[in-house]
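Report on the structure given below.
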There are 2 protein chains.
Amino acid sequence: MSKTNQKMSGRPRSAKSHQAILKAALELLGEVGFENMSIEAISIRAGVGKTTIYRRYKSKEELVADAIESIRQDVVIPDTGNLDNDLDELIENAAQITLSPLGKQTVAMIISSAASNYQFAQIYWTKYLQPRREAFASVIERAKMRNEIQADVDSGLIFDSMSGIMLYALIFPPETESWTTYVRRALHLLL
Amino acid sequence: MSKTNQKMSGRPRSAKSHQAILKAALELLGEVGFENMSIEAISIRAGVGKTTIYRRYKSKEELVADAIESIRQDVVIPDTGNLDNDLDELIENAAQITLSPLGKQTVAMIISSAASNYQFAQIYWTKYLQPRREAFASVIERAKMRNEIQADVDSGLIFDSMSGIMLYALIFPPETESWTTYVRRALHLLL
DNA sequence: TTATTACGATACGATGCTGTTTCGTAACTT
DNA sequence: AAGTTACGAAACAGCATCGTATCGTAATAA
């Protein structure tokens, strides 16, 4: 905003420091969680002065929101010509992200702050879930055209249900099978 | 343990204080979350000295684990003679507990500490989910006997899926319908 | 009654983080 | 070159909480 919409005189803000701050914030979020991470720890890990962070962000919330938003992951839209294979790829991809420490802490942060601060859920929805929900829809669409499933299938609701079981299995990992097999088995109930 | 298995001389620990501590801990957990609650705040709200808490618990984790464990909720096993009605009651009951501030913070705590400390998930599973999973199984069992559903339905997997969608809808509340309708609609995909 | 343990209150030093300020230096614009 | 802004480092007072220790009092057992 203020950085780009107007040429400022004086030394410009360091893009390198900016990247280092976001990186350190995400690392610490995954390691210790939102509540236990301090601005001081972030500045030390990023190798920048505390001042530099306080100059950019008014609060930890703002910083972390920006950091999460900065994650750009390519959305996979599998197209193997077969629904089951497509779904397997989607599940595999979701597993990698969701089961990581950062993924877990992000979800925890969203839940615990949901009542007071909806911005984290908002970002996660827009940046992460929404694109994948659409990718899922196009996978389902193709399966419909191949007559693999009925035309009245509600891809949105199925995606939500699938996300739900993934979340559940994240907290209470299945004991007798792998996370992915379990999710796959649940998904077969839905289709 | 040490309190009951042996008659001690001297003044016994106050059961009243004990109750007050657990109550205050649960209240604060719902209000500010696990990370933001201090032993000091608990002692003040409970109207006891800090010493009294430190004498009983070595850590906040221990205290909160005990507090959660102390919640005794009657498990509803509906038997209306009709599966859909039975399920509605189960959903309604789950909604009340899950959507409360305490319910949300408990879940958030479980997730964020899952990697380092599995005891919270363990307690929640044993004290809360397990009994309900069994109640759900008997509801399904009765529906099978009435030939409302097929005999090969896996009640456990369906319960997990249902819990999953509830959890998901807790974080990302449906915009165009109520929480319960949404859950009910998802459940119909499964049965 | 005496011995023992718990009680609530209060004070304590230690710790870790907050957000701000000051400093000399570095990187730009005009 | 002059002017301006950002940089990292360091110091700062302020605050909340930690876990422990000390106090005189209360409640129980022998």
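Within every chain, numbering begins at 1; the chains are lettered A, B, ... in the order of the sequence lines, protein sequences first and strands thereafter.
- One can find a donor-acceptor pair under 3.5 Å joining the base of dG19(C) and the side-chain atoms of Lys50(A).
- Glu35(B) has its CD atom 15 Å from the C1' atom of dC18(D), to the nearest Å.
- Spacing between atom CG of Leu28(B) and atom C1' of dT17(D) amounts to 14 Å, rounded to whole angstrom units.
- In the model, Arg13(A) has no side-chain atom that pairs as donor or acceptor with a side-chain atom of His18(A) under 3.5 Å.
- Atom CZ in Arg55(B) sits about 14 Å away from atom P in dT22(D), given to the nearest Å.
- Of the two residues contacting DNA chain D, namely Gly49(A) and Tyr54(B), the nearest-nucleotide position lying further toward the 5' end is that of Gly49(A).
- The shortest distance between side-chain heavy atoms of Glu35(B) and Phe34(A) does not fall below 4.5 Å.
- In this model, the phosphate group of dC7(C) is approached by a side-chain N or O of Arg56(B) to a distance below 4.0 Å at OP1 or OP2.
- For Pro12(A), the listed nucleotide lying nearest its side chain is dA27(C); candidates were dA27(C), dA6(D), dC7(C).
- The distance between atom CG of Leu63(B) and atom C1' of dT17(D), rounded to the nearest whole Å, is 16 Å.
- Regarding Glu61(B), its CD atom lies at a distance of 14 Å from the C1' atom of dC18(D), rounded to whole Å.
- Interface remark: the Arg11(B) side chain does form a donor-acceptor pair with the dA6(C) base, using a distance-only criterion of under 3.5 Å.
- For the pair Thr52(B) and dG8(C), the criterion of a side-chain N or O lying under 4.0 Å from OP1 or OP2 is met.
- One can place CG of Asn36(A) at 14 Å from P of dT17(D), the figure rounded to the nearest angstrom.
- Distance CD (Glu40(A)) to P (dT15(C)): 15 Å, rounded to an integer number of Å.
- Using a 3.5 Å distance cut-off with no hydrogens or angles, the side chains of Asn93(B) and Arg132(B) do pair a donor with an acceptor.
- Residues passing the salt bridge (charged side-chain N to carboxylate O under 4.0 Å, His left out) test with Lys16(A), sequence neighbours excluded: none.
- Side chain Thr51(A) to base dA9(D): a donor-acceptor pair is found below 3.5 Å.
- Between Lys16(B) atom NZ and dA6(C) atom P the separation is 19 Å, expressed in whole Å.
- Taking the side chain as every heavy atom from C-beta outward, Glu69(B) and Tyr124(B) never approach each other to under 4.5 Å.
- In terms of phosphate contacts, Ser17(A) brings no side-chain nitrogen or oxygen within less than 4.0 Å of OP1 or OP2 of dA6(D).
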